[in-house]
Amino acid sequence: MPDRAPQPVDRQLPTEEARDLITLVRDIVQREIAPRAAEEEDAGHFPREVFSLLSESGLLGLPYDSEFGGGDQPYEVYLQVLEELAAARLTVGLGVSVHSLSCHALAGYGTKEQQSEHLPAMLGGGLLGAYCLSEPASGSDAASLRTKAVRDGDDWVVTGTKAWITHGGVADFYTVLARTGVEGPRGITAFLVPGDAPGLNPAVPEKKMGMKGSPTAQLHFDGVRIPDSRRIGEEGQGFAIALSALDSGRLGIAACAIGVAQAALDEALGYATGRKQFGRPIADFQGLRFMLADMATRIEAGRALYLAAARLRDAGRPFSRQAAMAKLFCTDAAMSVTTDAVQVLGGYGYTQDFPVERFMREAKVLQIVEGTNQIQRMVIARHLAGPETR
């Protein structure tokens with residue numbers, strides 16, 4: 001029915017290399033990701049082969065140092081790659097964002113020896129990572145986590161349960177935050193745990209309303225023994241490391257949200273220009289034209305917001321407040337745009353014959369992961385007005 005092909009986003013990229021990178025990503029999307037996205041999501045198929053291809057193509061370590069196998073790309077480029085991937089399939093775009101998040105601790109706080117030993121395989125050697133902070137009883141209140149790591153000679157013994165782990169059960173390595181000391185944020189330490197460590201057991205993946213191809217599972221640590229050489233940073237530094245990672249990770253979620261929203265707008269626009277009622281395309285009717293205009297405006301505003309935050313990060317300037325704003329605005333925009341896209345398609349939008357119902361289900365989780373949007377508002381308010389009085 002649609003007779004208007006979606007136009008690629010006109011991106012302002014800083015270098016010719018970045019433009020070539022986007023061209024490569026679009027080629028992979030068109031050949032390997034988009035054609036199978038709907039079918040594989042419906043079947044709950046995790047596309048590990050796609051992540052292997054992305055690794056071989058140098059796309060799993062873009063924002064990291066080339067010394068260890070990264071791509072040396074600024075965050076403003078990396079995030080636009082994420083947007084392109086998420087527009088094709090959120091399972092892939094979000095998966096790359098989570099992988100990047102799981103590499104952050106070692107890349108930013110590991111010793112040179114640790115980085116040399118582990119990062120090349122993590123960034124470009126085909127491995128896939130996951131990030132383990134949340135627990136069944138500590139989500140938004142992450143500093144109250146209960147998973148323990150107890151020192152035993154040159155090892156640590158980890159016991160507890162992590163929850164809501166993207167790539168849980170399929171990842172090759174996990175960045176794990178565990179309690180090694182006092183209650184609260186100062187008693188938490190970061191560890192790099194192999195995916196096949198004895199005593200590490202994934203639960204059955206959660207049954208979710210969207211992103212069915214991306215496994216989300218609890219992980220049970222039953223006396224998992226980790227050598228001290230896999231401790232990242234100092235003892236008690238883990239929570240600060242986690243917060244640093246989440247600032248960057250929130251920008252990844254923001255970019256993925258705009259990707260999903262852009263895909264929904266493209267589908268709605270194609271439908272509206274091809275679908276005729278009362279003798280003319282429904283895109284001719286002012287009420288629907290205004291809806292499309294609002295959708296496009298939200299997307300452009302969100303894209304500008306996440307890129308502005310990324311450029312602050314690239315310049316080495318504080319960006320925590322802007323990252324929270326980008327995550328908040330972009331994911332709310334994605335929920336609004338995808339809901340409107342379903343409305344534009346009417347009854348067809350509510351069926352699986354068109355992808356907008358999938359986009360709408362997927363957009364919802366982006367308002368929750370890596371800090372709910374209520375938490376983002378708290379973060380922003382603290383930057384504006386200072387911490388809450390107790």
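Hydrogens, waters and symmetry mates play no part in the numbers below; they use all other heavy atoms, side chains included. This structure is a prediction, so every number in the text was calculated from the model and none was measured.
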Looking at [X] and [Y], does any basic side-chain N land under 4.0 Å from a carboxylate oxygen?
{"X": "Glu370", "Y": "Arg250", "value": "no"}
{"X": "Arg298", "Y": "Asp332", "value": "no"}
{"X": "Arg48", "Y": "Asp172", "value": "yes"}
{"X": "Asp314", "Y": "Arg311", "value": "no"}
{"X": "Arg313", "Y": "Glu76", "value": "no"}
{"X": "Glu39", "Y": "Arg36", "value": "no"}
{"X": "Glu117", "Y": "Arg230", "value": "no"}

Partners meeting side-chain contact (heavy atoms from CB on, under 4.5 Å) with Pro35 (sequence neighbours left out):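 Pro35 satisfies side-chain contact (heavy atoms from CB on, under 4.5 Å) with no residue once adjacent residues are dropped.
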Residues in side-chain contact (heavy atoms from CB on, under 4.5 Å) contact with Gln343, at least two apart in sequence or another chain: Met291
Could you check whether any side-chain N or O of [X] sits under 3.5 Å from a backbone N or O of [Y], counting only pairs where one atom can act as donor and the other as acceptor?
{"X": "Thr273", "Y": "Gly270", "answer": "yes"}
{"X": "Gln218", "Y": "Thr161", "answer": "no"}
{"X": "Thr111", "Y": "Gln114", "answer": "yes"}
{"X": "Lys162", "Y": "His220", "answer": "no"}
{"X": "Thr175", "Y": "Ser102", "answer": "yes"}
{"X": "Lys208", "Y": "Met211", "answer": "yes"}
{"X": "Thr338", "Y": "Ala334", "answer": "yes"}

Near-ring test His118/Phe68, centroid separation under 6.0 angstrom: no
Distance (rounded to the nearest 0.5 Å) between Ile226 CD1 and Phe221 CZ: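 With rounding to 0.5 Å, CD1 (Ile226) is 8.0 Å from CZ (Phe221).
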cation_pi(Arg179, Phe239) dist<6.0 Å, angle<=45: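 Verdict for Phe239: no cation-pi partner in Arg179.
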Over all atoms of both residues, closest heavy-atom pair of Ser100 and Tyr75: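 What the structure gives for the nearest pair is OG-OH, 4.3 Å.
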Shortest non-hydrogen contact from Ile241 toward Gly233: CD1-CA, 4.3 Å
Once ring-ring contact (aromatic ring centres under 6.0 Å, His included) is applied, do any residues pair with [X], and if so which ones, sequence neighbours excluded?
{"X": "Phe319", "value": "none"}
{"X": "Phe173", "value": "His99"}
{"X": "Tyr109", "value": "none"}
{"X": "Phe329", "value": "none"}

Pairs touching residues 174-195 that satisfy ring-ring contact (aromatic ring centres under 6.0 Å, His included), sequence neighbours left out: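 ring-ring contact (aromatic ring centres under 6.0 Å, His included) check on residues 174-195 returns Trp156-Phe191.
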With sequence neighbours excluded, residues passing salt bridge (charged side-chain N to carboxylate O under 4.0 Å, His left out) with Lys327: none
For Arg26, all residues meeting salt bridge (charged side-chain N to carboxylate O under 4.0 Å, His left out), sequence neighbours excluded: Glu84
Taking distance alone, no hydrogens or angles, what donor-acceptor pairs closer than 3.5 Å link side-chain atoms of residues 357-366 to residues at least two apart or in another chain?
unit_1: Glu357; atom_1: OE1; unit_2: Arg361; atom_2: NE; d: 2.9
unit_1: Glu357; atom_1: OE1; unit_2: Arg361; atom_2: NH2; d: 3.2
unit_1: Glu357; atom_1: OE2; unit_2: Arg361; atom_2: NH2; d: 3.2
unit_1: Arg361; atom_1: NH1; unit_2: Met209; atom_2: O; d: 2.5
unit_1: Lys364; atom_1: NZ; unit_2: Gln367; atom_2: OE1; d: 2.8

Trace of the side-chain contact (heavy atoms from CB on, under 4.5 Å) decision for Asp155 with Asp228: CA-CA 5 Å; Asp155 295 340; Asp228 188 58; over 6 Å; no
Co-members of the apolar cluster containing Val157 [side chain, <4.5 Å]: none
Pairs satisfying salt bridge (Lys or Arg N to Asp or Glu O under 4.0 Å), at least one member in residues 85-106, at least two apart: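 Sorted pair list: Glu40-Arg89, Glu41-Arg89.
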